[in-house]
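In this chain, residues are counted from 1 in sequence order. The model shown is predicted, which means the values in this text are computed figures rather than measured ones.
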Amino acid sequence: MLHVIDHPLIRHKLTVMRDRNTGTKDFRENLDEIGSLMVYEVTRDLPVADVEIETPICSYTAKTLESPVVVAPILRAGLGMVSGILSLIPTAKVAHIGLYRDEKTLEPHTYFEKYPPNIEEATVLIVDPMLATGGSANAAIDMVKRQGAKNIKLVCLVGAPEGVKAVEREHPDVDIYLAALDEKLNENGYIVPGLGDAGDRIFGTK
């Protein structure tokens with residue numbers, strides 16, 4: 001199921017990121033902040049369990065997160081979303097999924113993967129700023145599922161309809177969260193209007 005998180009603060013920060021004149025510092029900071037704003041909604045349905053505590057006044061049955069959370073950024077651009085998410089879920093573990101897209105075929109290739117233990121018990125948030133063709137997202141979901149993960153959410157800033165359809169077709173059990181659903185992909189596989197190459201803009205490599 002697709003969820004587009006439409007919020008004035010997210011729209012404003014995304015506008016800053018789309019602007020070609022926005023520098024690395026502001027691009028990175030706004031990505032970090034949008035990650036925090038999005039994860040608040042993404043985690044709305046996380047399971048909770050009862051826990052007995054003592055408040056300064058009395059005994060109380062409170063709620064705590066029932067299962068662990070794993071943040072799984074698709075390298076390298078996905079790293080830009082991790083800090084904002086961890087600011088709200090500091091106990092989350094971080095996996096790493098190394099994929100690169102062949103510029104000619106647009107197909108994803110794996111070069112690195114590392115996961116925390118017991119990922120099968122966790123809610124896994126696969127994060128990447130861009131959902132373009134859906135190839136990298138589908139590959140990452142496949143990789144996480146091979147580790148035994150069952151509760152997986154895909155969290156991206158900007159998505160194209162083509163990418164959304166590709167993920168929904170291959171992984172109908174994975175919820176997709178976007179800050180914006182853009183118009184289309186161009187002939188080079190870039191999202192229109194998009195925000196350019198997120199990795200290059202995050203790390204200042206172009």
Side-chain angles (χ1 to χ4, degrees), residues 1-24 26-39 41-42 71-82 84-85 97-110 125-142 152-172 174-206:
M1 182 181 296
L2 173 64
H3 309 265
V4 180
I5 303 174
D6 186 20
H7 189 284
L9 289 176
I10 291 178
R11 289 202 300 265
H12 171 78
K13 294 176 185 299
L14 192 54
T15 296
V16 174
M17 294 181 68
R18 289 189 193 272
D19 191 331
R20 65 183 302 172
N21 295 313
T22 296
T24 299
D26 290 334
F27 188 93
R28 189 183 296 146
E29 288 178 350
N30 278 276
L31 175 58
D32 187 75
E33 291 164 0
I34 291 176
S36 293
L37 292 169
M38 288 187 71
V39 78
E41 290 298 325
V42 171
V71 184
I74 299 177
L75 306 181
R76 61 187 167 134
L79 290 172
M81 299 179 67
V82 172
I85 294 173
I97 299 174
L99 293 170
Y100 70 90
R101 187 171 73 160
D102 187 290
E103 293 300 325
K104 292 182 179 179
T105 66
L106 304 183
E107 292 298 315
H109 298 274
T110 305
L125 309 181
I126 297 177
V127 298
D128 193 357
M130 314 299 288
L131 176 57
T133 65
S136 294
N138 278 332
I141 295 168
D142 285 336
I152 304 168
K153 300 173 186 285
L154 177 64
V155 185
C156 306
L157 254 66
V158 177
E162 296 91 334
V164 171
K165 290 177 184 176
V167 174
E168 288 178 335
R169 182 174 59 251
E170 296 294 326
H171 298 285
V174 173
D175 282 347
I176 304 167
Y177 293 84
L178 300 176
L181 180 62
D182 277 12
E183 179 184 344
K184 62 180 181 179
L185 294 179
N186 66 15
E187 63 277 7
N188 296 316
Y190 282 92
I191 300 173
V192 178
L195 46 76
D197 188 305
D200 283 337
R201 297 192 69 188
I202 292 165
F203 298 108
T205 49
K206 184 178 288 186

Residues passing the side chain to side chain donor-acceptor pair (under 3.5 Å) test with N138, sequence neighbours excluded, are none
Applying ring pair (Phe, Tyr, Trp, His ring centres under 6.0 Å), can you list everything that pairs with H7, at least two apart in sequence or on another chain? none
Please list all pairs passing the salt bridge (charged side-chain N to carboxylate O under 4.0 Å, His left out) test where one or both residues lie in residues 8-17, with sequence neighbours left out. D6-R11, K13-E33
Set of side chain to side chain donor-acceptor pair (under 3.5 Å) partners for D26, sequence neighbours left out: none
Salt bridge (charged side-chain N to carboxylate O under 4.0 Å, His left out) with E170: which residues, sequence neighbours excluded? none
By side chain to side chain donor-acceptor pair (under 3.5 Å), which residues pair with N30, not counting sequence neighbours? none
Is D182 close to R18 at the side-chain level, that is, under 4.5 Å between some pair of heavy atoms? yes
Are the side chains of E168 and L2 in touch, meaning some heavy atoms are under 4.5 Å apart? yes
Would you be so kind as to tabulate the donor-acceptor pairs closer than 3.5 Å made by side chains of residues 153-167, with sequence neighbours excluded?
residue : atom : partner : partner atom : Å
K153    : NZ   : D45     : OD1          : 3.2
K153    : NZ   : D45     : OD2          : 3.4
E162    : OE2  : L185    : N            : 3.3

Only distances under 3.5 Å count here; give the side-chain donor-acceptor pairs of residues 72-80 to other protein atoms, sequence neighbours excluded, each with its distance to 0.1 Å.
residue : atom : partner : partner atom : Å
R76     : NH1  : T205    : OG1          : 3.1
R76     : NH2  : D200    : OD1          : 2.7
R76     : NH2  : T205    : OG1          : 3.4

Who passes ring pair (Phe, Tyr, Trp, His ring centres under 6.0 Å) against H12, sequence neighbours left out? none
Identify, with sequence neighbours excluded, every residue that meets ring pair (Phe, Tyr, Trp, His ring centres under 6.0 Å) alongside Y190. none
Set of ring pair (Phe, Tyr, Trp, His ring centres under 6.0 Å) partners for F203, sequence neighbours left out: none
Just to verify, what does E41 make a side chain to side chain donor-acceptor pair (under 3.5 Å) with, not counting sequence neighbours? R44
Are side-chain heavy atoms of V42 and L125 found at a separation under 4.5 Å? yes
Under 4.5 Å between any side-chain heavy atoms of T24 and R201, yes or no? no
Are I5 and L178 side-chain neighbours, meaning at least one heavy-atom pair lies under 4.5 Å? no
Side-chain contact, heavy-atom cut-off 4.5 Å: M17 with L31? yes
